[in-house]
Amino acid sequence: MAYNIADLQYLMARLRDPEAGCPWDLKQTSMTVIPHTLEEVYELVDAIERSDTPQIRQELGDVLFQVIFYSQLAAEQDHFDFSDVVNDIVAKLLRRHPHVFPEGTLQSRRSTTAPDDEAIKARWEEIKQSERKQKSQHSVLDDVPEALPALTRATKLQKRAAQTGFDWVELASVVTALREELDELEEAIAIGEQAAIADEMGDVLFSAVNLSRHLGLDAEATTRAACRKFERRFRFVEQRCIETGVTGGGGAADPQLDLFWTEAKAAGL
């Protein structure tokens, strides 16, 4: 027997049954579920980046369950239910893809001409601008969530600002701006004022994200890749320390640890 979305909705309703439901699920609110949602999304991203197809399937289910959970909580308060969520996303995607659904319905006739990428992008932005006006948003930055991971939010803010023409044109200018921020950080470090150091460090990171964006890279993804690379190399160093009896007590500047790190790099880790 294969279960379907209706079965998942029924299961969720049973979990939240006031008389016979699960005690843990009954205690939850939209706010308390947030950490679990973030964890599930990151686990999905990790599985995708590792190309672990079976795990991707599992994690997609976990993420879907989060959507069902929030919808059940909202339905209990007579705000909306899962069908409303589905309706809204279908309506929005129809509205944002007039090149695919010219009549704005699922039954729209198929276009006989290949859409132009630039025209599609321009139309997409027009539609989103119109949606922002309907929401009484006065800035292109208004709906960039503050809860986004910092690197992702920085990228999104920069992209939004770029839509208005507020952006570097030449890649060299972006690199120069990053160097200038590094110089300002060094000056703050020399002065020794912690608040200024933190402020300038933030500018360096923000500028690094900007450079990543101009290079066509995802700052969040490249940083995660850098973390995985560091982890591989450091684990190699730890193993070499065990094999050779080196304690590494000299800190990061210990020449033996540096030698092991060089070995890790040479090994392609």
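Nothing fancy with the numbering, it's 1 onward along the sequence.
Taking hydrophobic clusters as Ile, Leu, Val, Met, Phe, Trp and Tyr residues chained together by side-chain heavy-atom distances below 4.5 Å, Met31 shares a cluster with Phe65. Hydrophobic clustering, with ILVMFWY side chains joined whenever heavy atoms are under 4.5 angstrom apart, keeps Val45 apart from Val209. Tyr3 and Phe82 sit in two unconnected hydrophobic clusters of ILVMFWY residues. Membership requires side-chain heavy atoms under 4.5 Å apart, directly or through other members. A continuous path of ILVMFWY side-chain contacts below 4.5 Å connects Trp24 to Ile34, so both sit in one hydrophobic cluster. Note on Leu26 and Phe69: separate hydrophobic clusters, where clusters join Ile, Leu, Val, Met, Phe, Trp and Tyr whose side-chain heavy atoms are under 4.5 Å apart, directly or indirectly.
We find the CG-OG distance between Leu185 and Ser207 to be 11.0 Å, quoted to the nearest 0.5 Å. Taken from NZ in Lys92 to NE2 in His97, the straight-line distance is 10.5 Å, to the nearest 0.5 Å. How far CG of Asp52 is from CD of Gln58: 10.0 Å, rounded to the nearest 0.5 Å. In this structure, the separation between CG on Leu94 and CG on Leu106 is 5.0 Å, given to the nearest 0.5 Å. Atoms CG and CG, on Leu178 and Asn210 in that order, are 9.5 Å from each other to the nearest 0.5 Å. Here the CG atom belonging to Leu211 is positioned 9.5 Å from the CZ atom belonging to Arg179, to the nearest 0.5 angstrom.
Across every non-hydrogen atom of Ala162 and Asp167, the tightest pair is CB-OD2, 3.5 Å. Heavy-atom minimum distance, Arg153 versus Val144: NH2-O, 3.4 Å. Across all their heavy atoms, Thr155 and Ala219 have their closest contact at OG1-CB, 4.1 Å. Contact record, Ser30 with Leu73: N-CD1, 3.6 Å, taken as the closest heavy-atom pair. A pairwise comparison of heavy atoms in Leu257 and Cys241 identifies CD2-SG, 3.4 Å as the closest pair. Shown here for Thr222 and Ser212, the closest heavy-atom pair between the two residues is OG1-OG, 4.2 Å.
Counting non-hydrogen atoms of other residues, nucleotides and ligands closer than 6.0 Å to CD of Glu170 gives a total of 12 or fewer. Few gaps surround CH2 on Trp261; more than 12 heavy atoms of other groups in view lie less than 6.0 Å from it. The environment of CZ in Arg235 is sparse: at most 12 heavy-atom neighbours from other residues, nucleotides or ligands sit within 6.0 Å. Atom CZ of Arg228 has more than 12 heavy atoms from other residues, nucleotides or ligands within 6.0 Å.
No donor-acceptor contact under 3.5 angstrom links the side chains of Arg16 and Gln72, judged on distance only. Side-chain contact, Asp84 with His79: no donor N or O sits under 3.5 Å from an acceptor N or O.
Remark: side-chain polar atoms of Glu220 are paired, donor with acceptor, to backbone N or O of Thr152 under 3.5 angstrom. Looking only at distances, a side-chain donor or acceptor of Arg233 sits under 3.5 Å from a matching main-chain atom of Leu269. For the pair Ser71 (side chain) and Val67 (backbone), a donor-acceptor distance under 3.5 Å is present. In this structure a side-chain-to-backbone donor-acceptor pair under 3.5 Å is present from Gln158 to Phe206.
Under the rule for a side-chain contact (heavy atoms from CB on, under 4.5 Å), the partners of Thr32 that lie at least two apart in sequence or sit in another chain are Gln28, Thr29. When the ring pair (Phe, Tyr, Trp, His ring centres under 6.0 Å) test is applied to Phe236, no partner is found at least two apart in sequence or on another chain.
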- Does the side-chain hydrogen bond (donor to acceptor under 3.5 Å, both in side chains) test come out yes or no for Glu59 and Gln55, once each step is laid out? CA-CA 6 Å; Glu59 300 302 341; Gln55 194 61 33; 2.6 Å; yes
- Task: Would you sort out whether Leu44 and Ile56 count as a side chain to side chain contact (heavy atoms under 4.5 Å, CB included), showing the intermediate values?
- Result: CA-CA 6 Å; Leu44 171 60; Ile56 292 172; 4.2 Å; yes
- Message: I'd like to know whether Leu60 forms a side chain to side chain contact (heavy atoms under 4.5 Å, CB included) with Leu64, so could you lay out the CA-CA distance, the side-chain angles of the two residues, the decisive distance to 0.1 Å, and finally the verdict.
- Response: CA-CA 6 Å; Leu60 281 170; Leu64 175 59; over 6 Å; no
- Item | Test log, rule side chain to side chain contact (heavy atoms under 4.5 Å, CB included), inputs Arg213 and Leu217 | CA-CA 5 Å; Arg213 179 175 65 88; Leu217 301 172; over 6 Å; no
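Between Arg240 and Glu243 there is a salt bridge, since a side-chain N of the basic residue sits under 4.0 Å from a carboxylate O of the acidic one. Checked for salt-bridge contact, Arg50 and Asp46 meet the test: a charged N lies under 4.0 Å from a carboxylate O. By the 4.0 Å N-to-carboxylate-O rule, Asp142 lies too far from Arg160 to be salt-bridged with it.
With contacts defined as side-chain heavy-atom distances shorter than 4.5 Å, the pair Ile5/Ile68 qualifies. You'll find the side chain of Leu93 stays beyond 4.5 Å of the side chain of Phe101, heavy atoms only.
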Without placing hydrogens or testing angles, list every side-chain donor-acceptor pair under 3.5 Å for residues 7-15, not counting sequence neighbours.
| unit_1 | atom_1 | unit_2 | atom_2 | d |
| --- | --- | --- | --- | --- |
| Asp7 | OD2 | Asn4 | N | 2.9 |
| Tyr10 | OH | Arg14 | NH1 | 2.9 |

